[in-house]
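Please read the structure below before turning to the comments.
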There are 2 protein chains.
Amino acid sequence: MITIQELSKQCGVSVSTVSKALNGYSDISDKTRELVIKTANEMGYFPNANARALKLKKTFNIGVLFTTHTTMGLRNDYFAHVLSAFKEESAKKGYDITFIENYIGRRKMTYLEHCQFRHFDGVCIVCADYEDQEVVSLASSDFPVVTIDYAFNKTNSIISDNYGGMKQLTNYIIQQGHTKIAYIHGVKTLVTKNRIEGYLSAMADNKVKVPKEYVIEGLYRNPVLTEELAAQLLAMPNRPTCIIAPDDQSAVGVINAIRKQGLQVVKDVSVAGYDGLESQQMIGVRLTTVKQERDNIGKEASRRLVEMIENPQETSPEKIFMKQTLLIGNSVKKLHHI
Amino acid sequence: MITIQELSKQCGVSVSTVSKALNGYSDISDKTRELVIKTANEMGYFPNANARALKLKKTFNIGVLFTTHTTMGLRNDYFAHVLSAFKEESAKKGYDITFIENYIGRRKMTYLEHCQFRHFDGVCIVCADYEDQEVVSLASSDFPVVTIDYAFNKTNSIISDNYGGMKQLTNYIIQQGHTKIAYIHGVKTLVTKNRIEGYLSAMADNKVKVPKEYVIEGLYRNPVLTEELAAQLLAMPNRPTCIIAPDDQSAVGVINAIRKQGLQVVKDVSVAGYDGLESQQMIGVRLTTVKQERDNIGKEASRRLVEMIENPQETSPEKIFMKQTLLIGNSVKKLHHI
DNA sequence: CTGAAAGCGCTTACAG
DNA sequence: CTGAAAGCGCTTACAG
């Protein structure tokens with residue numbers, strides 16, 4: 001790997017001059033600058049990021065906390081998209097992405113210690129257990145931090161407006177004349193709670209009563225369980241006219257339950273989903289669903305973080321809500337008795 | 001951030017001694033060592049990775065090439081799993097993961113240059129365009145490189161045995177008495193070609209003729225298109241008794257096509273998938289499919305790479321085939337006329 | 001067992 | 001316009 005000294009020898013100028021020429025200082029003659037740059041290209045010179053980081057105290061490297069336990073993390077489609085967009089946007093701004101771990105080899109290291117070790121310029125907490133003490137310390141550290149779908153006092157946060165999205169969806173279904181609307185929701189995370197509130201709020205706004213049995217807990221991305229739960233709903237004397245699934249994938253389960261009951265999808269029972277995945281737009285019906293702006297979330301998170309890194313004084317912690325948009329398909333029937 | 005000098009002042013010993021105590025050199029008295037370590041913990045000392053890297057010429061950082069264009073990359077479930085496992089295994093061995101880009105801010109930088117810039121200890125090419133000249137240069141560079149699902153001469157490669165997996169699946173279907181087996185495959189990547197060969201080879205081994213119309217090109221993870229293509233197959237005078245979908249997700253499309261034709265899944269037409277995703281084990285039938293050992297691929301890739309990094313002389317480029325396992329569900333009917 | 005010194009590759013005030 | 005020098009935080013041969 002060729003260094004700045006070899007370049008300087010080759011060009012017959014001092015190391016300082018080479019450095020300045022390379023970094024575009026103005027007090028270097030055009031002749032020298034051109035010579036240096038030309039030689040650098042010829043010799044395939046590239047600076048050593050570690051040396052530069054040591055001197056500048058800036059690594060152009062962003063730490064990303066991305067827990068991969070169980071069903072979370074990269075293996076989760078939503079977060080994978082967010083990360084992907086975050087990575088692309090950050091690269092555009094000149095920053096690399098490194099994952100934060102809490103052990104390095106056999107040595108235990110907290111998330112915060114890992115960040116100090118690597119001297120990241122900033123940190124993005126994409127997906128983590130926000131109750132975890134280590135995560136809390138990281139979020140309240142001196143690092144510029146942006147969090148996704150969760151707000152700490154001190155950090156910027158990008159939050160997907162699940163409350164608003166669900167409310168829109170429910171309102172739409174009510175407008176189609178439905179009042180018996182059941183909601184099979186996922187495990188009760190913060191995201192889920194917000195969605196339930198959005199649902200209840202839309203119902204209340206429209207003075208529609210919600211029988212307790214209409215709101216039941218299932219699992220995300222689990223069509224099998226969703227099918228079972230939907231079957232229970234359909235077996236009720238007071239059968240709902242519309243069932244909202246935890247997400248688009250699970251909506252397949254609802255559809256199967258309806259068909260197995262000898263009923264027709266849409267005609268007899270309407271269905272709605274959540275996520276707006278292109279790949280799920282199928283199943284014979286076009287699912288009415290809510291589209292999450294996953295790519296925008298990642299992008300916006302990166303923009304915010306770079307802003308904090310480069311203009312630390314001007315940026316104060318903020319919560320940014322990302323709108324979700326209603327995608328109207330043909331899976332919710334318009335009822336006539338209104 | 002506290003440094004080794006401050007530690008040395010606090011302990012009343014020299015910087016050299018502190019360094020050695022921290023790094024477990026044997027020529028340090030127990031007393032001194034304990035004092036240093038205790039103080040380090042109290043003061044929350046952590047080494048500066050950049051300074052250390054500069055001196056040791058070792059960064060404990062692995063570059064990962066992970067193209068995120070279009071349908072590839074993180075947004076693809078298969079690669080997301082592989083990466084996830086790679087990341088976890090590497091952390092266990094003490095290495096961080098940083099994504100490789102080919103631009104840094106506005107400045108164009110080839111993949112190789114980026115690796116030189118960051119001084120990665122090794123590189124894993126998880127998912128990339130292997131025809132791309134930049135990828136080729138990286139693979140043939142002096143960096144320890146491991147590639148996934150593609151083999152260069154010079155690199156170690158972890159290759160999912162798609163040929164063998166597909167052959168197993170096809171053999172199983174033939175054993176159930178089927179001879180009219182259609183295969184809707186994905187776009188013709190190397191992976192797809194291997195699967196087609198596996199399919200053809202099983203058919204040939206069993207002396208089953210394959211009508212040209214039975215092998216048709218579709219798209220991965222696209223139930224809508226798959227449904228259309230399956231409908232075409234079902235409309236043929238010489239209708240297949242079993243249809244293999246590009247993957248588990250697309251298999252839903254095949255199932256829909258069968259139902260819409262007024263036929264019964266399994267009873268009239270059998271179905272098989274590919275991938276072995278838990279989330280797809282549903283749809284009323286348990287899909288017979290092939291399970292890809294995604295997590296093992298990532299893990300093995302990491303093990304190999306770390307091996308190359310730490311014992312460069314002992315490791316020579318190797319292709320490692322990862323077995324795929326047949327998952328027998330109930331979506332392939334046993335035919336009696338054999 | 002301990003410490004002074006050199007050096008990893010870079011940047012930047014400062015002097016000329 | 002150019003260059004000598006100091007220093008970023010660490011490690012390690014070498015001397016004592």
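So you know, we letter chains A, B, ... as the sequences are listed, proteins then strands, and number each from 1.
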Using a heavy-atom cut-off of under 4.0 Å over every strand shown, decide if Thr3(A) touches base, sugar-phosphate, or nothing. sugar-phosphate
Salt bridge check: are Lys108(B) and Glu134(B) linked by an N-O gap of less than 4.0 Å? yes
Assign each of Lys20(B) and Lys55(B) the nucleotide of DNA chain C bearing its closest heavy atom; nearer the 5' end lies the nucleotide of Lys20(B)
Reference residue Asn61(B); test side-chain hydrogen bond (donor to acceptor under 3.5 Å, both in side chains); the match among Asp96(B), Thr98(B), Asp121(B): Thr98(B)
Please check this pair: side chain of His114(B) against backbone of Met109(B), looking for a donor-acceptor N/O pair closer than 3.5 Å. no
May I ask you to say what Asn23(B) touches in the nucleic acid, namely base, sugar-phosphate or nothing, with a heavy-atom cut-off under 4.0 Å? sugar-phosphate
Over all strands shown, is Ser19(A) touching base, sugar-phosphate only, or nothing at heavy-atom distances under 4.0 angstrom? base
Regarding Ser29(A), tell me which of base, sugar-phosphate or nothing describes its non-hydrogen contacts under 4.0 Å with the strands shown. sugar-phosphate
What distance do Thr155(B) atom OG1 and Arg304(B) atom CZ have between them, rounded to the nearest 0.5 Å? 11.5 Å
Please answer whether the main-chain N or O of Leu305(A) pairs with a side-chain N or O of Asn156(A) as donor and acceptor at a distance below 3.5 Å. no
If a pair means Watson-Crick or G-U wobble with both distances below 3.5 Å, what does DNA chain D look like in dot-bracket form, with | marking bases paired to a different strand? |||.||||||||.|||
Given salt bridge (charged side-chain N to carboxylate O under 4.0 Å, His left out), test Lys93(A) with Glu89(A) step by step and report yes or no. CA-CA 7 Å; Lys93(A) 295 285 171 49; Glu89(A) 183 66 20; 3.3 Å; yes
Met1(A) or Tyr25(A), whichever maps to the more 5' nucleotide of DNA chain C: Met1(A)
Salt bridge check, Lys9(A) against Glu6(A): does any charged N sit closer than 4.0 Å to a carboxylate O? no
So the contacted stretch of DNA chain C, first to last nucleotide with an atom under 4.0 Å from a non-hydrogen atom of chain B, runs from dC1(C) to dG9(C)
Does the plane of the ring in Tyr95(A) sit parallel, tilted or perpendicular to the ring in Phe60(A)? Use 30° and 60° as the thresholds. tilted
Whichever of Lys57(A) and Leu22(B) has its nearest DNA chain D nucleotide further upstream toward 5': Lys57(A)
What's Asp27(A) touching, base or sugar-phosphate or nothing? Going by heavy atoms closer than 4.0 Å. base
List the steps, then state whether salt bridge (charged side-chain N to carboxylate O under 4.0 Å, His left out) holds for Lys38(B) with Glu42(B). CA-CA 6 Å; Lys38(B) 188 165 143 279; Glu42(B) 282 169 12; 3.4 Å; yes
